[in-house]
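Single-structure report; data block below.
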2 protein chains.
Amino acid sequence: MKNTGDRRRTIYDVAKAAGVSISTASNALNGTGRTNAETRERVRRVAEEIGFRPNALARGLLSKRSHAIGMLTNDTYGRLTLPMAAGVSEVLVDHGVSVFLCATNNDPRLAQLHLEALLDRQVDGIIFTATRLDLTPPVQLSRLPIPVVYVFAEGPADSVTFFPDDEQGARLAVDHLKELGRSRILHITGPRDYLAARIRAQSYLDACGDGAEAMFGDWSEEWGHEAVQTVFARPGAKPDAIFCGSDEIARGVIDALRDLDVEIPTDVAVVGFDNWEVVARQTRPPLTTIDMELKELGHRAGLAILSLSKGEPAPAGITRLPCRLVVRQSCGSPLQSD
Amino acid sequence: MKNTGDRRRTIYDVAKAAGVSISTASNALNGTGRTNAETRERVRRVAEEIGFRPNALARGLLSKRSHAIGMLTNDTYGRLTLPMAAGVSEVLVDHGVSVFLCATNNDPRLAQLHLEALLDRQVDGIIFTATRLDLTPPVQLSRLPIPVVYVFAEGPADSVTFFPDDEQGARLAVDHLKELGRSRILHITGPRDYLAARIRAQSYLDACGDGAEAMFGDWSEEWGHEAVQTVFARPGAKPDAIFCGSDEIARGVIDALRDLDVEIPTDVAVVGFDNWEVVARQTRPPLTTIDMELKELGHRAGLAILSLSKGEPAPAGITRLPCRLVVRQSCGSPLQSD
DNA sequence: CTGAAAGCGCTAACAT
DNA sequence: ATGTTAGCGCTTTCAG
């Protein structure tokens, strides 16, 4: 008695098969109104038997809530976005909310197109993601009739925004190095025009005080390599630890140190930032680094948009989620495995 | 005269503002039926002015086509999925089709949940993606009332399936090496239980004939490193080229070769597989490798599901999309930059 | 060429 | 406790 025909079963089919009216069927299925327990069971059983599934379009049309949200991202490569998106999807699926993925490639036309599509689909909210915190959304997101949550991106003042706590993350790294007895800590990081790079650097400078030095470059291995060569070629005291702004930079640093026959972690300890496993696990020795908890970021963003879409409150302003120290072997001492 | 209130404008508002009936408004907007050119223009202008946007839910309810598709993926990390998904989204957005992203984490319960949600939302089709070709979908995807396209995953016989042409890709690599005059080519690749690894290896063996040797291990740098050490420690002729099953392996290979003071590409040329830029660009020297054209794969999958959802045909069975050789510096000779 | 009316599948008053 | 009915916003016959 399964659904043999091609037509999808509607609540009308359920009602007919159960010998009740359409509204009783609806009530029984949704537990709304007053329904005889016995009737309810029967209806539900019948619905199951004939393979009834409610049409979300019809529901949404009536309730004015589509139980879907849009994720607008300009991250082409997806190294940050996908783990995040998985987190978002993960919390929302249990609430019956689905996620539209819209990759804008940072193209305003595409972004606009996607935004309109989302609005037309009556999404209950939008999560906007970028890869840098100081980039403006490629499209006007304020004054929308639906809530917007920003992740890794800055929205208008007081908008709900999540990002990793770069400051705390950097402090975590520096404190770890200090605890291991390192005192001449160097910081090699990405471009100065990245807000995240600036915040991490400032946090490092605050923690290390006099003699601390932050070297800005770009987010590449090559830069890490080059920076180390520069530092070890010049006269003066050499660092006994290097805190890197990214795992890729750290990898370059580690390679350069090995080229110079500097022992890791004996002579120099190294900490990265990102916990990008494919990099951090493969350095020799494996890299101690800072994890930004991308999935958790996604969870929080998902919950926030869920609240907002129900008219409930969400943490206004910028919420910075704590980072986590992942200890591997590039810092030595407290012998811990991954 | 823009939409000032909070209520969304409906076609009823358009009709009223333009002084026509609802159906005329609909016809004018969609170019259906016979409408006076002047009326049509007026209606369209008015619609624009008051910020009317059609409700996709209502449309879908009526037309029984939601103009949305679902992408079901079990790729957690997203290295393959996101570029693909971007490709899918890219072709479809221009056709007014949006994409639901569903990450299953390879969990059958989650997959089932997502699948039901997609069906409830009346998606016009589903693209299923895995990271290995020989893994079964975590959920029953055949006998669905909507079309399914498989990418990087094998569906039931005759289902529409896309994946990269591993055989051609491997041949591309080997041919390139041969053209450069290399004759003792070694193959270091991933686990034997990956279909892709087996196909690439077989293609290599077919092309290289006697004396060819394929070493299976895992998809890590470490394995590449280890394999090189093994080969160079044993007696006998050494390879003058190494074709690797992945860029990560290639990176390990390159590092190991450098440790052994073997010159690249002079003594040994190296080719990778994946063109995973973060790896391939950062090896020293940068890696010549095989690109699987993930975005194009996404394009094709998107177009296929689009056709199928309209009742039009799509290439049945397995379609293998050609890979592309990306020449960098790890093979030397025909001096080309990236 | 335009308008009135039916109805997509569902829920929520309101009757019964 | 259950059934009847009126829409949600839109497209689409079918009359005028």
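Chain A is the first sequence line, chain B the second, and so forth, proteins listed ahead of strands; every chain is numbered from 1.
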All salt bridge (Lys or Arg N to Asp or Glu O under 4.0 Å) counterparts of B:Arg42, not counting sequence neighbours: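 Here no residue qualifies.
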
Relative orientation of the end axes in the helix from C:dC1-D:dG16 to C:dT16-D:dA1, expressed as an angle to the nearest 10° (five pairs per end): 50°

For the atom pair [atom1] ([X]) and [atom2] ([Y]), what is the distance rounded to the nearest 0.5 Å?
| X | Y | atom1 | atom2 | answer |
| --- | --- | --- | --- | --- |
| B:His114 | B:Arg109 | NE2 | CZ | 9.5 Å |
| A:Gln122 | B:Arg8 | CD | CZ | 4.5 Å |
| A:Leu119 | A:Ile146 | CG | CD1 | 5.0 Å |

Comparing B:Thr35 and A:Leu61 on DNA chain C - which has the more 5′ nearest nucleotide: B:Thr35

Nearest-nucleotide comparison on DNA chain C, the residue closer to the 5′ end among A:Arg59 and B:Asn27: B:Asn27

Sugar-phosphate only, base, or nothing, as touched by B:Ser26 at under 4.0 Å among non-hydrogen atoms: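 Base, at least one base heavy atom under 4.0 Å.
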
Sugar-phosphate, base or nothing in reach of B:Ser63, heavy atoms under 4.0 Å: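 It contacts nothing in the nucleic acid.
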
Min side-chain heavy-atom separation A:Leu294-A:Leu82 under 4.5 Å: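 Side-chain contact under 4.5 Å: no.
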
B:Ile69 side chain reached by B:Val88 side chain, heavy atoms, under 4.5 Å: yes

Ring geometry between B:Phe128 and B:Tyr150 (parallel below 30°, tilted from 30 to 60°, perpendicular above 60°): perpendicular

Whether the [X] and [Y] side chains hold a donor-acceptor pair (N or O, under 3.5 Å, no angle test) is what I'd like checked.
| X | Y | answer |
| --- | --- | --- |
| A:Arg121 | B:Ser98 | yes |
| B:Thr39 | B:Glu41 | no |
| A:Asp75 | A:Thr81 | yes |

Segment of DNA chain D, first to last nucleotide, that comes within the 4.0 Å heavy-atom reach of chain A: D:dA1 to D:dG9

Segment of DNA chain C, first to last nucleotide, that comes within the 4.0 Å heavy-atom reach of chain B: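 So the outermost contacting nucleotides come out as C:dC1 to C:dG9.
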
Contact summary for A:Asp124 and A:Ser309, nearest pair of heavy atoms: O-CB, 3.4 Å

All N/O donor-acceptor pairs, side-chain side in residues 11-18 of chain B, below 3.5 Å, sequence neighbours left out:
{"residue": "B:Asp13", "atom": "OD1", "partner": "B:Arg7", "partner atom": "NH2", "Å": "2.9"}
{"residue": "B:Asp13", "atom": "OD2", "partner": "B:Arg7", "partner atom": "NH2", "Å": "2.9"}
{"residue": "B:Asp13", "atom": "OD2", "partner": "B:Thr10", "partner atom": "N", "Å": "2.7"}

For DNA chain D, the residues among residues 14-25 of chain B that have a non-hydrogen atom under 4.0 Å from it: B:Ile22, B:Ser23

A:Glu48 and A:Arg44 ion-paired at < 4.0 Å: no

